[in-house]
Amino acid sequence: MRWSQAFIPTLRDDPADAEAVSHRLLVRAGYIRQLMAGGYSILPLGQRVRAKIMGIIREEIDGIGGQELLLTALHPREIWEKTGRAETMGDILFSVTDSRGGSAILGPTHEEIFTTIATELTSYKQVPQLWYQIQTKFRNEPRAKGGLLRVREFTMKDSYSFDVDTDGLDVQFDRHFAAYQRIFERLGVIAVPVEASSGAMGGTDSIEFMVPSPAGEDDVAHCKACGYAANVERATSTLPAIPDEPGPSVPERFPTPGVKTILDLIEFDGGAPAERQIKTLVYVLDGELTLVLLRGDHDLQEQKLLDGTGTVEARPARPDEIRELLGADAGSLGAVGVIGPRILADDQLADRTNMVTGANLDDHHLRGVDIQRDIEVTGWLDLRAVKVGEACPSCGEALEIFRGIEAGHIFKLGTKFSVALGAMVLDADGAAVPLVMGSYGIGIERNMAAAVEMNHDDDGIVWPVSIAPYEVVITVVKVDDEATMIVADRLYDDLNDAGIDVLLDDRDERPGVKFNDAELIGIPYRITVGPRGLADDIVELSERRSGERTDLPVGEAVEMIKAQVESRK
RNA sequence: CGGGACGUAGCGCAGCUUGGUAGCGCGCAUCGUUCGGGACGAUGAGGUCGCCGGUUCAAAUCCGGCCGUCCCGACCA
């Protein structure tokens, strides 16, 4: 491509409304343009990168036996009602109405539709099957953000595996795990596999691939020593036991005027340190008022509460609901003597004695509370949020927490969808069994953004060779110098013939403008062709990432550049 | 959906407090001089001031409503 003919609208200034690095650079370098919140047009450079990312993913999924299909983005609502997700994913579904008044939804993911196709499988002899597509998804995100990082319409590679048993699923899952690691490596992003919550997807196990970046939206607890990594929605840690002194035989109520918080009670004369307090929260889980108990110095990890109880919708109770349930306002709440509502307690409270908690009477607390003796706990769960520096659950070293972009997510789904939609096969004994499924997703444009988050410097993007829109840019220093232009044109033709993606910057601009643009759009290699070098029969090769420059004899340039590019592909 | 900010030329911004002429930089077009790291001069094109309504002789500016976008929180590739 000749730059003079190309549509590469680079901007001199940073766009005002872009915060994330990838958003700012992709807009400024002319890869994308925003149309609306969470809606981006992909410009020519962006489309080239996107195509390369899809190519890599396709190769790797084909490599583990995937068969590519293409399903519709438009789905009949009834199928989503059969699996119950019309309700559980209701908020993010885009709905459309056709001229006959029928209702359809724009697919946010395709488990339902792939499973519908899988109903044509009839025998265990036909599995395993591994099907995938690269297709547009629509999600009415409550808050689109960060340019391509979180949008409402995007492309996803989603694959689905079908087996007769969980052993088969495990094999497919492991193959995807390995394929995903190869994909991310080839895309030039570091993606840490982490244990994750399956959320609305359901199923048993799931692993997210997290690209560390301040632009990310998830926190990951990670142990450098042993490699343990888990989304904080699931992460655990080992805490030292707290020795309890024996307390009174019954809890004692005492006045605590003005004490509203854990902190207040620490400072209150006759109060208690946070780790000796029981924090009482009130939640509404799918409509049911529930008490949630944690140690005073621990925070609730809401997703754990959802996962642990199988709750779809949770919200903190309103002050009036709390008062009606417990007879006091937040600040004086406790679970002692409460009978009726579900009471869930964090594991860290197990066997604790002589604790302090609210008395369900405003401005009063109880001391000497023995959890087993005094509180009717209906369920024990891991509910607390892990904090930096706590001990790794597998090796005991201090955990760190980093922010990450969820670049891919693989799920063991089990039989939820096959049961709901009747995707059964006969096993070797002639018994009808539901297919055991897995689903495996990776967002194309999000990975483009993640690659930029991970590969940039003050001058712009620094693409890995594997996904760069062009591998080489030839910067012609003086386009109206005939001899220079002849050499540049020949180099351009020869590189094209050698199978290199090359961009010829033949614009009549000053060299500084061209150098800056080349760096901004992030082409891995630049060949500078100008009269000064040609006087000595050389052109200059510079590498974007290192800034390293080498003089190349004109006659050997093509071979040397080709070798260089191939070595980095 | 809750909280905060913003909306003026393709991009980045000023003007609004105290109503009256819409301005700056970049980019764009033409000409000239330049030309190995975002040149200089001259001339020029380009704007429903987000939308609707109100106040007023007069609204980018004051008032009301709406829409849109970004950022922070509850959701996910």
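Numbered from 1 within each chain, the chains take letters A, B, ... in sequence-line order. Scope of the values below: all heavy atoms of this structure, side chains included, with no hydrogens, waters or symmetry mates.
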Enquirer: Just wondering, more than 12 heavy atoms not from A/I190 lying within 6.0 Å of its CD1?
Expert: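 Not buried by this count: 12 neighbours or fewer within 6.0 Å.
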
Enquirer: Using the test salt bridge (Lys or Arg N to Asp or Glu O under 4.0 Å), find all partners of A/E453 that sit at least two apart in sequence or belong to another chain.
Expert: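 With sequence neighbours excluded, A/E453 shows a salt bridge (Lys or Arg N to Asp or Glu O under 4.0 Å) to no residue whatsoever.
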
Enquirer: Using a 4.0 Å heavy-atom cut-off, does A/D517 contact any base of the nucleic acid, only the sugar-phosphate backbone, or nothing at all?
Expert: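 Base contact.
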
Enquirer: Across nucleotides 7-15 of chain B, 5' to 3', mark each nucleotide with B, S or - according to how protein heavy atoms within less than 4.0 Å reach it.
Expert: ----BSS--

Enquirer: Using heavy-atom distances to pick each residue's nearest nucleotide on RNA chain B, tell me which of A/V151 and A/K145 is more 5'.
Expert: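 Nearest nucleotide further toward 5': that of A/K145.
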
Enquirer: Enumerate the residue pairs fulfilling ring pair (Phe, Tyr, Trp, His ring centres under 6.0 Å) with a member in residues 6-52 of chain A, sequence neighbours excluded, ordered by first and then second residue.
Expert: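 Passing the test, one end in residues 6-52 of chain A: A/H23-A/Y40, A/Y31-A/W463.
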
Enquirer: Between the side chains of A/D218 and A/R403, is the shortest nitrogen-to-carboxylate-oxygen separation below 4.0 Å, so that they form an ion pair?
Expert: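 Answer for the salt bridge query: no.
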
Enquirer: Pairs under 3.5 angstrom, nitrogen or oxygen only, protein versus nucleotides 43-52 of chain B, please.
Expert:
none

Enquirer: Can you give one letter per nucleotide of nucleotides 31-37 of chain B, 5' to 3': B if a protein heavy atom sits under 4.0 Å from the base, S if only from the sugar-phosphate, - if neither?
Expert: ---BBBB

Enquirer: Side chain to side chain donor-acceptor pair (under 3.5 Å), that's the test. Do A/E208 and A/N231 meet it? Break it down for me.
Expert: CA-CA 8 Å; A/E208 291 171 326; A/N231 194 307; 2.8 Å; yes

Enquirer: Assign A/E445 to base, sugar-phosphate, or nothing according to its heavy-atom contacts below 4.0 angstrom with the strands shown.
Expert: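 Contact class for A/E445: none.
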
Enquirer: Return each pair, listed once, that meets ring pair (Phe, Tyr, Trp, His ring centres under 6.0 Å) where at least one residue sits in residues 46-74 of chain A; pairs must be two or more places apart or across chains.
Expert: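 Counting only pairs at least two positions apart or across chains, no ring pair (Phe, Tyr, Trp, His ring centres under 6.0 Å) contact touches residues 46-74 of chain A.
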
Enquirer: Given that both distances must come in under 3.5 Å, which nucleotide forms a Watson-Crick or G-U wobble pair with B/U56?
Expert: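 With both distances under 3.5 Å required, B/U56 matches none.
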
Enquirer: Please classify the nucleic acid contact of A/G146 as base, sugar-phosphate, or nothing, using heavy-atom distances under 4.0 Å.
Expert: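 Result for A/G146 = sugar-phosphate.
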
Enquirer: Name the pairing partner of B/C26, where a pair is Watson-Crick or G-U wobble with both distances under 3.5 Å, or state none.
Expert: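 The base-pairing partner of B/C26, which may sit in any strand shown, is B/G10.
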
Enquirer: With rounding to whole Å, what would you report as the distance between B/G27 and B/G68 at their P atoms?
Expert: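 My reading of the P atoms in B/G27 and B/G68 gives 35 Å.
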
